[in-house]
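Following: one structure in structure tokens, then a few remarks.
Every chain is numbered from 1, with letters handed out A, B, ... down the list of sequences.
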Protein chains: 2
Amino acid sequence: MTFSLDDLAGPGPLPDQDARTRVLETAYRLFYRYGLRATGIDRIIAESGVAKMSFYRHFPSKQALIDAYLDLRHVRWMAWLEGRLAGLTSRDWLAALPDALDDWFGAPGFRGCAFINGHAEAGPDAPAMTVTHKRELAARIEQQCADAGLARPAEVAADLLLALEGAIVRAQMDGADVARGALHRLFARTLSAAGGERAWRSPER
Amino acid sequence: MTFSLDDLAGPGPLPDQDARTRVLETAYRLFYRYGLRATGIDRIIAESGVAKMSFYRHFPSKQALIDAYLDLRHVRWMAWLEGRLAGLTSRDWLAALPDALDDWFGAPGFRGCAFINGHAEAGPDAPAMTVTHKRELAARIEQQCADAGLARPAEVAADLLLALEGAIVRAQMDGADVARGALHRLFARTLSAAGGERAWRSPER
DNA sequence: ATGTTGACAGACAGACCTGTCTTGTTCAAG
DNA sequence: CTTGAACAAGACAGGTCTGTCTGTCAACAT
């Protein structure tokens, strides 16, 4: 199962889902848009049309809801990325990563990375998922580097991830346009340095 | 006037400064460490040993204090950077940027970029200084690229800034070590591609 | 000597926060 | 039909938030 950018943004009007789903989807939308601390339980309850006790039956605390939100965000984001790059060889997968990110940056409602933002807000005692998400993404990129036969796949993956994070922050603060070119150039340069003989070309799009 | 990393962290125990200074320095420390929303006015007032009315005489609202904090942070951070790289030629200045950042990442109490964090917390209506800071830093880097005679200084500066932002976020979330190598490699690769004939060597340190 | 200014201390209002509890309704399984 | 689970609506408690207000005191200028 894959996700489109719309799925990543979360469903719009909530149909006749059970209370837990409505709460989680509402939190998904509000937490990402307004931040964790700025979004109160009361608002989530009101907008999801759920009783307060129904909320506390499914989530023992706000922190538990935040954890569930980050888990869901991680699953959807990774699924979106895999779907966006499905069917590509590992070399093309890596080369197309900047294009996928561009799509995300330009999507309506884009407000940066939920895990970077959450970590920035919560500080050192941030939910573990903020760091876990980045580790899993790094592992995925490293795997593709190894599959592509690149030398020092761990180093290449670290370089690509760092560029990727920088692009997310730049796009969030200054707009998608300023991030696009720099991200593409850094990727091309890194892959070219790591790829050895064969040149990297931009697939599709 | 320049600032050391200690100055960047703010003064420790507050001497016999006037009320406004004590409030601002306390806010400087607490806002950076715990975030803007997590830091209440009451705590700032208590820790700065100031009456509430004295606070509101100098700052009409919490938002005004946040703005003043970001202004001060911008001035100190830029002054720290200039002091850290003072006396270098523009080529060496650019090549030494990753080393300066490393020093910052390893400093006690490092918790990422106050402007990235502030923007992540405040969302679209974030204080203008969060974006202004990045623009001024980009302009400074671009100027050094131009002085160094690099082709397409704006593009090179955008690439370096993106790598720099990525390194800040990586260091904040996963530790200074994971950011160090990748930042150095991306800088070396970018400067080498832009520098043309002459090779880039790491100055000093 | 007297008025002014700045600051400290703390009460207070009104809003919002998380989390608990009560009451009544719907619906489905036994 | 009864029983119990899930749910809606909302009062409530206890805390915290920003911002206002009243007093009191010391330094200082006139």
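Not counting sequence neighbours, B:D147 has no partner by the side chain to side chain donor-acceptor pair (under 3.5 Å) test. The side chain to side chain donor-acceptor pair (under 3.5 Å) test applied to A:Q172 returns A:N117, not counting sequence neighbours. Among residues two or more places apart in sequence or in another chain, the side chain to side chain contact (heavy atoms under 4.5 Å, CB included) test is passed with B:A182 by A:A158, A:D159, A:L162, B:R185. In terms of the ring-ring contact (aromatic ring centres under 6.0 Å, His included) criterion, residue partners of B:F115 (sequence neighbours excluded) are, by chain and number, B:H133.
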- Task: Sugar-phosphate atoms are those with a prime plus P, OP1 and OP2; base atoms are the rest. Using that split, label each nucleotide of nucleotides 3-9 of chain D B, S or - for protein heavy atoms under 4.0 Å, 5' to 3'.
- Result: ----BBB
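Listed by first and then second residue, the side-chain hydrogen bond (donor to acceptor under 3.5 Å, both in side chains) pairs involving residues 52-65 of chain A are A:D42-A:K52, A:Q63-A:D67 (not counting sequence neighbours). Pairs of residues two or more places apart, or lying in two chains, that qualify as salt bridge (Lys or Arg N to Asp or Glu O under 4.0 Å) and include a residue from residues 127-140 of chain B are A:D174-B:R135, B:E82-B:R140, B:K134-B:E165.
Atom-to-atom, CZ of B:R43 to P of D:dG15 comes out at 19 Å; the value is rounded to the nearest Å. The separation between B:I45 atom CD1 and D:dT16 atom P is 15 Å, rounded to whole Å.
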- Would A:H74 and A:T132 satisfy side-chain contact (heavy atoms from CB on, under 4.5 Å), going step by step from the backbone distance to the final call? CA-CA 9 Å; A:H74 172 66; A:T132 302; 5.7 Å; no
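Heavy-atom contacts of chain A under 4.0 Å fall on DNA chain C between two terminal nucleotides, which in 5' to 3' order are C:dT18 to C:dT22.
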Could you pull out every donor-acceptor pair under 3.5 Å between side chains of residues 119-129 of chain B and any protein atom, sequence neighbours left out?
{"unit_1": "B:H119", "atom_1": "ND1", "unit_2": "B:T130", "atom_2": "OG1", "d": "3.4"}
{"unit_1": "B:E121", "atom_1": "OE1", "unit_2": "B:L36", "atom_2": "N", "d": "3.1"}
{"unit_1": "B:E121", "atom_1": "OE2", "unit_2": "B:L36", "atom_2": "N", "d": "3.3"}
{"unit_1": "B:E121", "atom_1": "OE2", "unit_2": "B:R37", "atom_2": "N", "d": "2.7"}

